[in-house]
2 protein chains.
Amino acid sequence: MKSHATRITLLHHGLRALSVDGLSGVTLGRLAEAANLSKSGLFAHFRSKEQLEVALLDEAARLARAQVVEPAMVAPDGLPRLRALVERWLGWAPRAGLPGGCPVAAALFELDDSEGRVREHVAMLEREWRELLRSLVASAVALGDLHPETDVEQFVWELCGIYLSHHASARFLRDPAADARAWHAFDALLRRTAMPGTSDAVQ
Amino acid sequence: MKSHATRITLLHHGLRALSVDGLSGVTLGRLAEAANLSKSGLFAHFRSKEQLEVALLDEAARLARAQVVEPAMVAPDGLPRLRALVERWLGWAPRAGLPGGCPVAAALFELDDSEGRVREHVAMLEREWRELLRSLVASAVALGDLHPETDVEQFVWELCGIYLSHHASARFLRDPAADARAWHAFDALLRRTAMPGTSDAVQ
DNA sequence: TGTAAAATAGCACGACCGGTCGTAACAATG
DNA sequence: CATTGTTACGACCGGTCGTGCTATTTTACA
């Protein structure tokens with residue numbers, strides 16, 4: 001019982017550090033100090049650095065589900081729900097109380113040339129996320145909010161580009177217009193796939 | 001004279017390591033070993049880790065200028081030149097002989113929550129790069145290849161999103177369709193800003 | 001309340017980190 | 001030829017890394 005509470009604390013502080021410093025920036029020593037625990041006490045919870053990293057990524061995904069996905073799911077199915085999700089997705093990390101940026105986005109660039117379990121885990125999370133996006137876009141297509149021949153995969157790919165560009169311009173360049181740029185891009189993407197005349201249809 | 005040759009070697013090996021492991025993954029010890037030099041011998045060239053990182057980022061920019069910008073500049077001014085640049089930009093790092101991905105793109109996500117000279121240097125490089133993009137887009141507008149009321153800043157912002165999404169899908173997800181997705185997105189962006197009817201004009 | 005089990009602390013390890021030291025070979029310059 | 005500055009070496013600094021092993025404390029339950 002006590003163990004569970006301690007684990008919560010560790011994941012909490014670990015996720016904060018992860019969002020700021022990235023996977024390689026989270027160290028056992030610093031995390032133990034932040035959680036008021038000895039390094040070996042911490043080590044007993046996660047039997048390796050690798051397992052800690054996986055647990056932290058899962059915690060990030062759990063938080064995103066709670067703060068981004070679930071609230072968006074109350075919106076009406078179709079385009080409104082997709083828009084609600086994007087609304088909560090862009091810049092979700094600070095809004096969820098994290099001091100840094102989206103840990104998964106950062107991991108995409110930190111681990112792109114690595115191998116191993118952690119990379120595979122990030123890949124799985126990212127595939128699941130894109131699958132969620134695909135299902136929302138597909139619903140919008142099925143309900144007639146988007147052109148019936150919309151290339152769903154392409155739509156999701158470009159939406160991810162908007163998210164990454166927003167992350168870079170908001171967090172790194174600290175551009176106050178980042179939100180406006182992202183919405184402008186998203187609206188243009190919607191316009192493209194909504195109007196039959198200039199559609200994005202597959203041949 | 002000998003000093004210069006050694007420095008070239010160090011930058012060469014350092015840039016390779018940078019593209020794979022990121023800034024924090026480049027260590028003095030490993031770089032010295034890769035360049036067959038003692039750690040203190042290496043230290044005589046760069047008087048701190050920070051200065052090494054700045055030098056490596058400059059080297060990456062220099063390489064990009066030679067492999068991406070200069071070859072593209074021979075294309076006719078306007079849209080052809082812009083297209084030529086994008087052609088060489090997407091996936092330029094491996095094409096330039098680097099074993100990993102674009103060091104600057106990775107740095108955007110590695111340093112987004114840090115402070116200091118290195119971050120400022122990356123910010124400068126990124127600002128310069130976007131300025132180059134802006135000038136090419138503006139030329140395409142001036143020559144009538146794009147709608148006269150094109151929002152140049154927005155165009156560049158979305159183009160950067162395409163680059164980042166391409167980086168993520170090509171390098172992390174290892175999606176073979178990454179190139180096709182990026183070109184599809186770029187073409188759609190061009191179509192949007194070329195056709196007066198569905199333009200992206202500022203009000 | 002006694003006791004087994006779980007949770008945490010203490011300590012040590014080998015490796016590596018960025019960085020400094022004194023020193024020596026070498027080049028260029030006066 | 002003497003001097004000076006650069007380049008490189010090897011040893012070493014205090015610290016931190018991830019990870020074991022062994023106590024000791026704390027908790028949960030009979």
Result of checking A/E115, A/E126, A/E120 against B/R174 for salt bridge (charged side-chain N to carboxylate O under 4.0 Å, His left out): A/E115

Whole-Å gap separating C1' (C/dA7) and CZ (A/R47): 15 Å

From CD of B/Q51 across to C1' of C/dG19 the rounded distance in Å is 13 Å

Can you identify which nucleotide, out of C/dG19, D/dC17, D/dA8, has its nearest atom closest to the B/S48 side chain? C/dG19

Just how far, in rounded Å, is P of D/dC17 from CG of A/L23? 15 Å

Per the under-4.0 Å heavy-atom filter, residues of residues 31-42 of chain A near DNA chain D come out as A/K39, A/S40

Nearest heavy-atom contact between B/P71 and B/R65 is CD-O, 4.2 Å

Does D/dT6 have OP1 or OP2 sitting under 4.0 Å from an N or O in the side chain of B/H45? no

When the distance from CZ of B/R30 to C1' of C/dA15 is rounded to whole Å, what number comes out? 12 Å

Within residues 109-121 of chain A: residues closer than 4.0 Å to DNA chain D (heavy atoms): none

side-chain contact (heavy atoms from CB on, under 4.5 Å), that's the test. Do A/V68 and A/R95 meet it? Break it down for me. CA-CA 10 Å; A/V68 180; A/R95 225 178 296 121; over 6 Å; no

Tell me, please, which residues at least two apart from A/H167 pass ring-ring contact (aromatic ring centres under 6.0 Å, His included). B/F109

Hey, is the side chain of A/T6 poking within less than 4.0 Å of OP1 or OP2 on C/dT8, counting only N and O atoms? yes

Tell me, please, which residues at least two apart from A/P94 pass side chain to side chain contact (heavy atoms under 4.5 Å, CB included). A/R171

Name the residue closer to the 5' end of DNA chain D, choosing between A/S24 and B/A44 according to the nucleotide with the nearest heavy atom. B/A44

Between C/dA7 atom C1' and A/L10 atom CG, what is the distance in whole Å? 12 Å

In whole angstroms, how far is the C1' atom of D/dG20 from the CG atom of A/L28? 12 Å

What ring-ring contact (aromatic ring centres under 6.0 Å, His included) pairs are there with at least one residue in residues 62-86 of chain A, not counting sequence neighbours? none

What pairs with A/Y163 under ring-ring contact (aromatic ring centres under 6.0 Å, His included), at least two apart in sequence or on another chain? A/W89

Taking all heavy atoms of B/G100 and all of B/A93, pick out the closest pair and write down the distance. O-CB, 3.8 Å

Atom pair distance, as rounded to whole Å: CZ in A/F46 and C1' in C/dA7: 13 Å

Atom-to-atom span, CZ of A/F43 to P of C/dC13 - whole angstrom: 18 Å

Quick check: closest heavy atoms across B/L164 and A/A168, and the distance to 0.1 Å? CD1-CB, 4.0 Å

